[in-house]
Amino acid sequence: MPKLKTKSGVKKRFKLTATGMLKHGVAGKRHRLISHNSKYIRQNRGTKLVSKADTATVKAWMPYGLS
């Protein structure tokens, strides 16, 4: 069997936690922040976990996991 390829975008955008969950950066934090209120900016700081519905899809894009 040939090796499966990992989606290159997944390597850049997701990380696995120690318990096997997926972390991702929050969208909407690059530009046009002056139109967002302080609560939006504050709550979207850092990283979030991928929802359970999307986890299976993202893990299929990385067949051998991420280091």
Side-chain angles (χ1 to χ4, degrees):
M1 282 296 291
K3 293 181 181 178
L4 297 172
K5 285 194 172 183
T6 299
K7 296 264 188 190
S8 61
V10 172
K11 292 184 281 190
K12 302 168 193 173
R13 290 174 172 87
F14 298 98
K15 294 288 179 200
L16 277 172
T17 63
T19 56
M21 299 178 84
L22 287 165
K23 292 190 302 185
H24 69 94
V26 182
K29 291 280 292 185
R30 298 289 183 197
H31 52 85
R32 285 185 46 211
L33 293 176
I34 207 162
S35 62
H36 291 130
N37 56 26
S38 301
K39 182 179 177 182
Y40 175 88
I41 296 169
R42 189 172 58 249
Q43 287 184 340
N44 288 324
R45 194 175 287 156
T47 57
K48 304 281 184 193
L49 293 176
V50 176
S51 67
K52 289 183 180 180
D54 295 330
T55 300
T57 305
V58 175
K59 284 189 175 181
W61 293 338
M62 47 183 206
Y64 304 109
L66 293 172
S67 56

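Contact between Lys29 and Ile41 at its shortest, heavy atoms only, is NZ-O, 3.0 Å. The shortest heavy-atom contact between Pro63 and Thr6 is CD-OG1, 3.8 Å.
Met62 CE to Leu4 CG: the interatomic distance, rounded to the nearest 0.5 Å, is 13.5 Å. We find the CZ-OG distance between Arg13 and Ser8 to be 8.0 Å, quoted to the nearest 0.5 Å. From Lys12, atom NZ reaches atom NZ of Lys7 across 12.5 Å, with rounding to the nearest 0.5 Å. Rounding to the nearest 0.5 angstrom, the gap separating the OG1 atom in Thr19 from the CG atom in Leu22 is 9.5 Å. Note that NE2 of His36 is 8.5 Å distant from CG of Asn44, once rounded to the nearest 0.5 Å.
In this structure, Lys11 and Leu66 have side chains that are in contact, with non-hydrogen atoms separated by less than 4.5 Å. The shortest distance between side-chain heavy atoms of Lys23 and Thr17 falls below 4.5 Å. The shortest distance between side-chain heavy atoms of His24 and Lys48 falls below 4.5 Å.
With hydrogens and angles ignored, the 3.5 Å screen pairs no side-chain donor or acceptor of Tyr40 with any backbone N or O of Leu33.
Linking Ile, Leu, Val, Met, Phe, Trp and Tyr residues whenever their side-chain heavy atoms come within less than 4.5 Å places Leu16 and Phe14 in a single cluster.
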